[in-house]
2 protein chains.
Amino acid sequence: MLRLSKLTDYAVVVLVRLSGMEGVQTSPGIAAATGIPEPTVAKVLKTLAASDLVSSQRGAKGGYRLNRKLSAIPIADVIAAVDGPIALTACVEGSTSECESQGLCPMRGRWDPVNDAIHSALSSITLADMQAAPLPAFRIHSSSMTRPQAVLQTAAE
Amino acid sequence: MLRLSKLTDYAVVVLVRLSGMEGVQTSPGIAAATGIPEPTVAKVLKTLAASDLVSSQRGAKGGYRLNRKLSAIPIADVIAAVDGPIALTACVEGSTSECESQGLCPMRGRWDPVNDAIHSALSSITLADMQAAPLPAFRIHSSSMTRPQAVLQTAAE
DNA sequence: CCAATCAGGACTACCCCAGTCCGGATAATC
DNA sequence: GATTATCCGGACTGGGGTAGTCCTGATTGG
């Protein structure tokens, strides 16, 4: 199904949220604003910090801050940061000649054009594109909602 | 990691193998030729038959046959047949408004451009492209191999 | 010195895929 | 008509990976 992890989903949400504010933001704060569980937000942010997508400020009054503008972050970077290198098959990703059946595996290099195509497709779309995306004419209803909603309604908070 | 299932891998191998022969081929035969376990080959072929990528002939002297030429089969079709519809997020695939947190989920439609990009990328590459792919200058060594190797060395058997 | 926050890892529960197997239906052959 | 080879469809099970939580330590401001 070619699915990417839910964490990547969260990462996009968190990053877009970060872009909306000026100073640093704490993970509890982001968790409250997005509705994503606090530990999970922390996990995502740590991962993103490891990939230099966000900067962290430790200690009291600390928090996270976006390093680049959304328009400078291709979605491929986010996926790579959270889900690891973008590659469709296990054969391709690094472990050269580690294929279980070297002689049998006819894939060696054969998925490369596919991987390249996907990679370039994902590199051409930035978070800004996703932020300003279609966004159907649907509005957030606060009815039957108990949690602190309002994740990012068109980034204009 | 954006990985697709190993079954898709197998499907490509099986389809390329099918393209090399004229008449129908049995799943045991393909299993022997490709080194893929027999039940798995059968499973893949059944799936491919359900998506009209291959035709099946039942009964004795039966088997499978390719419906279109490799050049007419985009890899997207194979992925869709084996792994289901191509969509990156769970939100997108069908279950409309089934998102666990409707108000919270800012993804609704936002991954669409990404999905579209990937879909078109995968539609532009056919099995023929993958068959005639880079194919590094490496040859199958029969040394230290016990299983029936020779999956498809450049489709010229 | 204390409180708030990030850092980094370990840990667990759950879900989905991979692979197998079985009984049934179909069709060619003898 | 019986037999045999093959596909059909589903159920079943085990393993791997993700999601999510938690804990201990390091850093920094009040």
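Of the side-chain N and O atoms in B/Q57, one or more sit less than 4.0 angstrom from OP1 or OP2 of C/dA28. Between A/Y10 and D/dG20, a side-chain N or O to OP1/OP2 separation shorter than 4.0 Å is present. Residue B/Y64 places at least one side-chain N or O closer than 4.0 Å to OP1 or OP2 of D/dC8. Considering only side-chain N and O atoms, B/S5 lies under 4.0 angstrom from the phosphate OP1 or OP2 of C/dA18. Considering only side-chain N and O atoms, A/S56 lies under 4.0 angstrom from the phosphate OP1 or OP2 of C/dA7.
Of the candidates D/dG10, C/dC6, D/dT28, D/dG10 carries the atom nearest the B/K46 side chain, counting heavy atoms from C-beta on.
When rounded to the nearest whole Å, the span between NZ of A/K61 and P of D/dG29 equals 10 Å. Here D/dT27 presents its P atom at 6 Å from CZ of A/R58, a figure rounded to the nearest Å. Following rounding to the nearest Å, B/K43 (NZ) and D/dT13 (C1') show an atom-to-atom distance of 11 Å. C/dC14 atom C1' lies 11 Å from atom NZ of A/K6, rounded to whole Å. One interatomic measurement links the two molecules: CG of A/L45 to P of C/dG8, which rounds to 13 Å at whole-angstrom precision. Atom C1' of nucleotide D/dC7 and atom CD1 of B/I30 are separated by 12 Å, given to the nearest angstrom. Atom CG of A/D9 is separated from atom P of D/dT18 by 15 Å (rounded to the nearest Å). The CD atom of A/E38 sits 10 Å away from the P atom of D/dT21 (whole-angstrom rounding).
Comparing A/G59 and A/T40 along DNA chain D, the residue whose closest nucleotide (by nearest heavy atom) sits nearer the 5' end is A/T40. Summary of the strand contacts: A/A50 and A/A60 both lie near DNA chain C, and taking for each the nucleotide with the nearest heavy atom, the more 5' one is attributed to A/A60.
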Test side chain to side chain contact (heavy atoms under 4.5 Å, CB included) applied to A/Y64 and A/K46, step by step: CA-CA 9 Å; A/Y64 291 94; A/K46 277 184 277 189; 3.8 Å; yes

Worked verdict on A/L48 versus A/V82 for side chain to side chain contact (heavy atoms under 4.5 Å, CB included): CA-CA 7 Å; A/L48 294 176; A/V82 178; 4.2 Å; yes

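Remark: the backbone N or O of B/V16 is paired with a side-chain donor or acceptor of B/S19 at under 3.5 angstrom. The main-chain N or O of B/S5 is found under 3.5 Å from a side-chain atom of B/D83 such that the two form a donor-acceptor pair.
Between A/R68 and A/D77, at least one side-chain N (NZ, or NE/NH1/NH2) sits under 4.0 Å from a carboxylate O, which counts as a salt bridge.
Counting any heavy atom pair closer than 4.0 Å across all strands shown, A/L7 reaches sugar-phosphate atoms only and no base atom.
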